[in-house]
Protein chains: 2
Amino acid sequence: MNAIFKALNDPTRRAILERLRAGPATAGAIAEQFQFSAPTISHHLDLLRQADLVTSQKQGQFVVYTLNMTVFDELLGWLYQFKF
Amino acid sequence: MNAIFKALNDPTRRAILERLRAGPATAGAIAEQFQFSAPTISHHLDLLRQADLVTSQKQGQFVVYTLNMTVFDELLGWLYQFKF
DNA sequence: TCAATGTTTAGGAAAATATCTAAATTTAGA
DNA sequence: TCTAAATTTAGATATTTTCCTAAACATTGA
């Protein structure tokens with residue numbers, strides 16, 4: 001839970017998640033959309049992966065990142081305790 | 001949105017929210033449940049209030065904090081974009 | 001009015017975070 | 001095999017965050 005909220009507590013990382021809604025993308029393609037350096041984006045992706053919000057698969061020299069929806073269920077479960 | 005995720009990115013603050021599920025409580029009553037000093041808890045409550053996750057009313061020398069559920073809807077809305 | 005109680009504000013120290021550049025690693029392809 | 005491209009790792013710095021103690025503020029009630 002800690003890792004999830006930590007990962008979500010950054011506008012760039014949330015924007016990356018929103019980008020991945022459109023489908024998987026390579027680290028480079030993701031980095032292009034932001035003004036930050038590739039290492040900075042790589043670090044953000046690492047935090048998202050630590051929270052299991054994304055998965056990554058190496059494809060040749062590329063690394064493809066994919067949104068992992070299952071973690072959102074855990075988050076929704078936490079939030080719903082406040083609704084009822 | 002930023003303020004909400006910032007407020008939720010701390011285990012003590014999340015515990016405070018869970019405490020308030022049981023009903024409103026004074027700053028002092030909340031502080032008693034944790035090992036931290038009163039000023040520290042006061043600061044956490046301030047961040048929760050900035051995110052509008054709680055409201056506060058002064059009642060005499062006490063300040064009563066109440067969970068504000070309406071913000072959770074905003075959060076749920078953000079999360080649901082990933083589900084569909 | 002004065003002392004006690006509840007809470008917040010101020011100021012500061014230690015730890016965590018976000019960012020950068022430079023360097024290392026891995027793979028593709030000439 | 002060598003070079004170029006994609007990505008990550010390492011190391012450094014600036015900012016933010018969390019926590020503390022001391023002080024200030026506000027309210028109650030003797």
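Heavy atoms only: backbone and side chains are in, while hydrogens, waters and symmetry mates are out. All chains are named by letter (A, B, ...) in the order of the sequence lines, taking the proteins before the strands, and each is independently numbered beginning at 1.
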**Request:** Pick out which of Leu76(B), Asp52(B), Val54(B) makes a side chain to side chain contact (heavy atoms under 4.5 Å, CB included) with Val71(B).
**Result:** Asp52(B)
**Message:** Minimum heavy-atom separation for Phe5(B) and Asn9(A), please, with both atom names.
**Reply:** C-OD1, 3.6 Å
**Message:** Strictly below 4.0 Å: does Thr40(A) bring a side-chain N or O up to OP1 or OP2 of dC20(C)?
**Reply:** yes
**Prompt:** Would you find a donor on one side and an acceptor on the other, under 3.5 Å apart, between the side chain of Arg14(A) and the backbone of Leu8(A)?
**Reply:** yes
**Request:** Could you check how far NE2 of His44(A) sits from C1' of dT8(D), rounded to whole Å?
**Result:** 15 Å
**Item:** Expected output: side-chain Arg13(A) to main-chain Lys6(A) donor-acceptor under 3.5 Å
**Value:** yes
**Prompt:** What is the distance, rounded to the nearest whole Å, between atom CD of Gln35(B) and atom C1' of dC20(D)?
**Reply:** 14 Å
**Message:** Taking the side chain as everything from C-beta on, heavy atoms only, tell me whether Arg21(A) gets closer than 4.5 Å to Leu67(A).
**Reply:** yes
**Message:** Without decimals, in angstroms, what is the distance between Asp46(B) CG and dT18(D) P?
**Reply:** 12 Å
**Message:** Given Asp46(A), which partner from the list Gln50(A), His44(A), His43(A) fulfils the side-chain hydrogen bond (donor to acceptor under 3.5 Å, both in side chains) test?
**Reply:** Gln50(A)
**Message:** How many whole angstroms separate atom CD of Gln57(A) from atom C1' of dT27(C)?
**Reply:** 17 Å
**Asked** Between Ser37(A) and dT19(C), does any side-chain N or O lie under 4.0 Å from OP1 or OP2?
**Response** no
**Nearest-Å distance for atom pair CG/C1', residues Asn9(B) and dA16(C)** = 11 Å
**Message:** Distance check needed: dT17(C) C1' versus Asp10(B) CG, whole Å only.
**Reply:** 14 Å
**Message:** Does Leu47(A) reach a base, just sugar-phosphate, or nothing at all? Heavy atoms under 4.0 Å.
**Reply:** sugar-phosphate
**Asked** Looking only at side-chain N and O atoms, does Lys6(A) come under 4.0 Å of OP1 or OP2 in dA16(C)?
**Response** no
Any N/O pairs under 3.5 Å between the protein and nucleotides 5-7 of chain D? List them or say none.
residue, atom, partner, partner atom, Å
dA5(D), N3, Gln61(A), NE2, 3.4
dT7(D), OP1, Ala27(A), N, 3.3
dT7(D), OP1, Val63(A), N, 3.3
dT7(D), OP2, Gly28(A), N, 2.5

**Prompt:** Rounded to the nearest Å, what distance is computed from the CZ atom of residue Phe36(B) to the C1' atom of nucleotide dT21(D)?
**Reply:** 16 Å
**Gln35(B), CD atom: more than 12 neighbouring heavy atoms under 6.0 Å** = no
**Message:** I need the CG-P distance between Leu8(A) and dT17(C), as an integer number of Å.
**Reply:** 14 Å
